[in-house]
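All chains are named by letter (A, B, ...) in the order of the sequence lines, taking the proteins before the strands, and each is independently numbered beginning at 1. Because the structure is predicted, anything quoted here is derived from the model rather than measured.
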Amino acid sequence: MPRILIIEDNEMNRDMLSRRLQRRGYETRIAVDGAEGLAAVAREAPDVIIMDMGLPVVDGWEAARRLKASEETCRIPIIALTADAMLGDRDKAYAAGCDDFDTKPVDFARLLKKLETLLAARPGA
Amino acid sequence: MTGGAGKQGPITAAIPALRLSDRSGKTNVHPIVKLDYLVRMLAVPVTVVTVLATRGGNVPKALLGILLFYGLAWPHLAYLVARTSKDSKAAELRNLLADCFVLGGFCGVTGFNPMVSIAFLCCINAANLSLGGIPFAARGLFFAMLGAGAAVLWLGFHLTLETNPFTNFLASLSIAIFMSVFGYLSHVQTRRLLGARQEVLEQKLMIEEQKDAVEAASRVAEEERRSAEEAREAAEAANKAKSAFLANMSHELRTPLNAIIGYGELLQEEATDAGHDDMIPDLQKICGAGKHLLRLINSVLDLSKIEAGKMDLFIETFEIEDLVDEVASTAEPLVAKNGNRFELRLAPGLGQLKGDVTKLKQVLLNLIGNSGKFTENGTISLDVTREIDYEGSWITFRVADTGIGMKPEQVSKLFQAFTQADAATTRKYGGTGLGLVLSRRFAQMMGGTITVKSEFGRGTEFAVRLPSDVANEEGDATSIHRIDSKSLIQAAEKLRVEAERKKAEGASRA
């Protein structure tokens with residue numbers, strides 16, 4: 001089953017998202033900040049990353065830039081999540097290299113659809 | 001007198017020409033003309049009598065003629081000549097030179113009697129110096145000598161050193177008159193000069209004062225400008241703080257809501273799997289309330305952004321049919337809840353629309369959702385047509401229902417924030433009371449309108465009319481952000497360069 005890395009500092013959101021994805025049969029890994037997320041990717045490359053943008057230590061935009069700058073990790077799709085739907089967040093997320101964008105609270109059905117689309121587009125999927 | 005025009009230069013310069021009545025168009029008579037007229041009227045008869053008295057009975061007829069002419073006619077003739085002349089001052093100076101010539105001649109005919117000659121020369125000099133300055137006085141003396149010479153040539157040279165008392169008296173009187181007149185004149189001129197100087201000083205002082213006042217005023221203006229600038233900065237800061245507060249509040253409210261809705265849905269799924277069907281309605285209520293709260297937060301945030309001028313349009317070109325298909329597939333389950341049928345009628349060849357697809361979708365879903373709420377076992381339809389008028393091409397979306405309809409007084413309150421048709425409606429049908437307000441604002445931002453027609457008990461129809469090219473309608477207004485791949489690539493490139501620079505900086509520091 002595809003492996004999804006959830007990088008999110010809010011414990012409830014992380015736990016809830018992870019459990020709901022597991023119910024759909026996805027394998028999930030979790031990280032609580034950008035630095036830990038980058039380490040997790042280096043340890044074991046996931047198929048998709050769902051990442052909050054307002055993260056401590058290394059924020060989501062910086063983490064996305066680093067992942068997209070590296071030859072090994074640049075092909076892992078990233079879905080950016082932000083809590084505020086202020087103008088510019090979407091642009092900033094895309095500019096940092098994220099493949100898709102959604103606002104919290106997550107519409108789970110919509111998020112699943114985005115996941116499926118990105119997974120289907122993977123080379124070799 | 002035949003004073004050459006060229007020689008008049010220094011003379012006219014000595015007495016400035018006064019042109020007080022130039023503007024009235026009248027011939028301008030210089031004040032010295034009148035002054036000299038008066039002086040001549042007094043002095044000339046005295047002069048004539050002096051000559052007669054000095055010569056005793058010995059007066060040739062020609063001399064008598066000259067004396068009579070000079071004594072009776074000359075003052076008036078001189079005055080008339082000067083008055084009627086174009087340049088009265090120059091004419092008067094010529095008259096004066098004639099006087100000098102005549103008086104010089106009289107010195108000759110009175111045998112250069114010292115008393116008479118001194119009186120005449122004093123008078124000539126006083127008048128000439130006062131009226132024409134040194135150059136003119138010199139010319140006057142020259143003419144007097146000419147006159148004296150002429151008299152000697154005519155009547156022969158002889159000296160009369162003795163004078164009778166009457167001559168002495170007249171000569172003294174002449175001197176007294178002339179000295180008095182020109183002394184007084186000199187006094188008047190001095191006073192005028194001092195007055196003028198005082199006036200200049202006062203004006204200088206006034207200019208200084210005005211300068212001070214202007215400086216003070218400009219200081220005040222500068223202070224006011226600075227305080228206005230400070231006020232503007234404060235207002236901007238307040239506005240920024242408000243925006244930041246809204247963004248933060250939105251973030252802080254959404255984070256727990258995310259958990260409420262997420263766990264609610266998770267629990268629903270788990271309850272279904274575990275067979276706890278009795279719990280599902282309650283869990284649905286939690287999720288429903290959470291989603292309602294989320295919609296409210298979103299609407300308030302949207303409204304605040306519109307009020308602050310921070311709501312931006314994302315203009316893209318899309319197929320109208322694609323949009324309608326998407327709206328219909330989302331709307332159908334909403335509409336079906338109350339046993340309603342959904343009808344979709346598209347005019348052929350609708351083509352494309354250039355506008356903010358997300359906001360348009362929000363508007364249409366809001367209208368269809370409303371219709372679904374207020375209609376039971378009826379029909380809700382969406383008609384889409386394109387029309388062209390003198391202003392351009394328009395797309396109209398009509399959402400009509402066969403629901404409860406509204407009374408005119410309810411219709412009038414429709415587009416006000418937090419005001420549904422009435423309070424009872426809110427209790428019965430729910431809703432945020434912001435949907436229509438936002439819909440109308442979105443339509444206005446895209447250069448369009450939303451209108452409503454309703455009949456109580458029969459149904460309601462909302463019509464959204466938009467220009468088919470929103471970007472063209474709005475021109476290059478700054479509120480429109482065009483999201484295209486090019487700007488994204490540019491932004492990404494900028495960030496990459498920035499990151500590289502930071503990396504290089506870090507490396508050089510290490």
Chemist: Does atom CD of Glu321(B) have more than 12 heavy-atom neighbours from other groups under 6.0 Å away?
Modeler: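 Check fails, neighbour count at 12 or below.
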
Chemist: Could you state the interatomic distance from CZ (Phe108(A)) to CD1 (Ile261(B)), rounded to the nearest 0.5 Å?
Modeler: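 One gets 13.5 Å once the value is rounded to the nearest 0.5 Å.
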
Chemist: Could you pull out all residues at least two apart from Ala80(A) that satisfy side chain to side chain contact (heavy atoms under 4.5 Å, CB included)?
Modeler: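 For Ala80(A) the side chain to side chain contact (heavy atoms under 4.5 Å, CB included) partners, ignoring immediate neighbours, are Met53(A), Ala93(A), Cys98(A), Phe101(A).
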
Chemist: Does NZ belonging to Lys68(A) count more than 12 external heavy atoms closer than 6.0 Å?
Modeler: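 Yes.
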
Chemist: Could you list the residues that satisfy side chain to side chain contact (heavy atoms under 4.5 Å, CB included) with Arg110(A), not counting sequence neighbours?
Modeler: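 With neighbours one apart ignored, the set is Asp102(A), Thr103(A), Asp107(A), Lys114(A).
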
Chemist: Which residues in residues 33-46 of chain A have a heavy atom less than 4.5 Å from any heavy atom of chain B?
Modeler: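 Residues qualifying by a heavy atom under 4.5 Å from chain B are absent, so none.
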
Chemist: What parts of residues 3-32 of chain A touch chain B if we use heavy atoms and a cut-off under 4.5 Å?
Modeler: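 Heavy-atom contacts from residues 3-32 of chain A to chain B are Asn10(A), Met12(A), Asn13(A), Asp15(A), Met16(A), Arg19(A), Arg20(A), Arg23(A), Arg24(A).
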
Chemist: Given a strict heavy-atom distance threshold of 4.5 Å, which part of Leu294(B) is in contact with chain A: side chain, backbone, both, or neither?
Modeler: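 Contact with chain A is through the side chain of Leu294(B) alone.
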
